[in-house]
Engineer: 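Just passing along the structure, written as structure tokens.
Note that the structure is a prediction, hence the values are computed from the model and not measured. Every chain is numbered from 1, with letters handed out A, B, ... down the list of sequences.
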Number of protein chains: 2
Amino acid sequence: MIDPDDMSRLAQYSHRLAVMAGKTFIQEGEPANDFFIVTSGHVKIFALMPDGRRQITGFAQSGDFLGLASGATYGFSAEALGPLALCRFSRTGLNILKREFPDIEHRLMEEASRELVQAQKRMLLLGRKTARERLASFLLEQHHRSPTREIVINLPMSRTGIADYLGLTIETVSRTLNALQREKLIAITQVTQITLLNLPALETLARGG
Amino acid sequence: MIDPDDMSRLAQYSHRLAVMAGKTFIQEGEPANDFFIVTSGHVKIFALMPDGRRQITGFAQSGDFLGLASGATYGFSAEALGPLALCRFSRTGLNILKREFPDIEHRLMEEASRELVQAQKRMLLLGRKTARERLASFLLEQHHRSPTREIVINLPMSRTGIADYLGLTIETVSRTLNALQREKLIAITQVTQITLLNLPALETLARGG
DNA sequence: CGTTCGTTTGAGCCCCCTCAACTGATGTGG
DNA sequence: CCACATCAGTTGAGGGGGCTCAAACGAACG
């Protein structure tokens, strides 16, 4: 995570880059020559299998780094969720960055740490939780992400997005959400808007008992 | 990853700690006051659900950091797989470490990056792969980890361990391994020793087509 | 009004889980 | 040396949760 103040100073060491909504600007398997810092917009990070199975591994937003965790080739793909602005750095340019921002390594470390904690929680979710538990966890995650802690959630993605994020199919996502509604745990006010009616129940469900 | 040379120098800034095999020395949810560096032995990192469902999220060995990625409380548990030696640091002691090892942040970053790549691959595995694909991926992972690239693999864990690592049950692990043997992709020479008979087929299976 | 695309709903099936019994290796005491 | 207990692994039978395939629905848009 980079301060907004620093972002303008960053510009002189990088190429600024605008990406259209929906464009996949990092392709898994391609040579990882560059890395990026998101300056505005949201990014979907995912992995694909040859037959089209998709797993979303996370999201990135303004201030986040992208592509540093790669080896010789990118280990994931990244797609702009909306209009996107990026700073692109050559891999070797990282040293310049380090000179100019002495604490950059510290910040990188903090971001990586946070992501690693997230990743562990998601491995538990993907490996061991039922569909109901996954959806409950997902809804609470959205809830906690919200600045106002409002119990009305505006889903940031389609059913396909949720399914690929939770390791389910769109049908199961739809059915499970409706089941949770029947049980009065949530109310689906619009397709992309859900009200949490019973937070305690959702929390016990999310943690699995 | 810390150089063996440096490990002795580390000692004066930390408390040395010996842990018995099988002991859980980090408990999820407890206050994360300390962090650790493994100096010898192997560690299993996992998360638990109230009803006992377990997901192993990774392993750590000599030179690896442990517990840095936590917030106020540990987000995971850690168990010694065999006799284990650790250096324990107070959370605040990290600053001393940084002074003494100026490039420690860089090393930490590299380790975190590698783990993050691993984590993404495992999310794809846990979210989208079938049992056959998971086992094939697992066997190839063991194969690549081996220094000699020998096609004979000595499994480093029991069926329970494999199951908790791959998000399956022990029965499915057993059945699937035997199915792979019937199809001549592997040979189960002993319970904990497997020979890879058809690497190309295992690789296409692991990547899912 | 018709098309398109995302979502919902239904029916059926399959993969994996659950529960249970069996096998085999290891160890222990008589 | 053998009877017995224990525990990891295997094998079998059955059930269920989530997937697949298909059709209906509904909102956005020309």
Engineer: Salt bridge (Lys or Arg N to Asp or Glu O under 4.0 Å): which pairs involve residues 153-170 of chain A, sequence neighbours left out?
Structural biologist: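 Applying salt bridge (Lys or Arg N to Asp or Glu O under 4.0 Å) to every pair that reaches into residues 153-170 of chain A, excluding sequence neighbours, yields Arg54(A)-Asp164(A), Asp164(A)-Arg128(B).
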
Engineer: Show me the donor-acceptor pairs, under 3.5 Å and distance only, between side chains in residues 19-33 of chain B and residues at least two apart or in other chains.
Structural biologist:
none

Engineer: Which donor-acceptor pairs under 3.5 Å do side chains of residues 173-181 of chain B form with protein atoms, sequence neighbours excluded?
Structural biologist:
from	atom 1	to	atom 2	distance (Å)
Thr176(B)	OG1	Thr172(B)	O	2.6
Asn178(B)	ND2	Ser174(B)	O	3.0

Engineer: Kindly write out the residues that satisfy side chain to side chain donor-acceptor pair (under 3.5 Å) with Ser113(A), not counting sequence neighbours, or none if the list is empty.
Structural biologist: none

Engineer: Would you give me the side-chain donor-acceptor pairs under 3.5 Å for residues 201-209 of chain A, sequence neighbours excluded?
Structural biologist:
from	atom 1	to	atom 2	distance (Å)
Thr204(A)	OG1	Pro200(A)	O	3.3
Thr204(A)	OG1	Ala201(A)	O	2.9

Engineer: Tell me the salt bridge (Lys or Arg N to Asp or Glu O under 4.0 Å) pairs involving residues 177-196 of chain A, sequence neighbours left out?
Structural biologist: Arg132(A)-Glu183(A)

Engineer: Taking 5' to 3' order, which nucleotide of DNA chain C is first and which is last to have an atom within less than 4.0 Å of a heavy atom in chain A?
Structural biologist: dT7(C) to dA11(C)

Engineer: Using heavy atoms and a sub-4.0 Å distance, could you list which residues of residues 159-179 of chain A are near DNA chain D? By number, please.
Structural biologist: Gly167(A), Leu168(A), Thr169(A), Glu171(A), Thr172(A), Arg175(A)

Engineer: Considering only heavy atoms of chain B and a distance under 4.0 Å, specify the first and last nucleotide of DNA chain D in 5' to 3' order that meet this criterion.
Structural biologist: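 So the outermost contacting nucleotides come out as dG9(D) to dA13(D).
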
Engineer: What parts of residues 119-139 of chain A reach DNA chain D, counting only heavy atoms under 4.0 Å away?
Structural biologist: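 Thr130(A), Ala131(A) - these, ordered by number, are the residues of the stretch whose heavy atoms sit under 4.0 Å from the strand.
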
Engineer: List the atom of His143(B), the atom of Leu199(B), and the distance in Å for their closest heavy-atom pair.
Structural biologist: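 Looking at all heavy atoms of both residues, the closest pair is CE1-CD1, 3.9 Å.
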
Engineer: Taking the side chain as every heavy atom from C-beta outward, state whether Val152(B) and Leu196(B) have any atom pair closer than 4.5 Å.
Structural biologist: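 No, every pair of side-chain atoms sits at 4.5 Å or beyond.
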
Engineer: Applying salt bridge (Lys or Arg N to Asp or Glu O under 4.0 Å), which residue pairs with at least one partner in residues 135-158 of chain A are found, sequence neighbours left out?
Structural biologist: Glu141(A)-Arg145(A)

Engineer: Is the closest side-chain heavy-atom distance between Met49(B) and Lys129(A) below 4.5 Å?
Structural biologist: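 Of all side-chain heavy-atom pairs linking Lys129(A) with Met49(B), at least one is under 4.5 Å.
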
Engineer: How would you list all residue pairs meeting ring pair (Phe, Tyr, Trp, His ring centres under 6.0 Å) that involve residues 40-59 of chain A, not counting sequence neighbours?
Structural biologist: Phe59(A)-Tyr165(A)

Engineer: Taking side chain as C-beta onward, heavy atoms only, is Gln120(B) less than 4.5 Å from Ile45(A)?
Structural biologist: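 When only atoms from C-beta onward are counted, Ile45(A) and Gln120(B) do touch, with a gap below 4.5 Å.
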
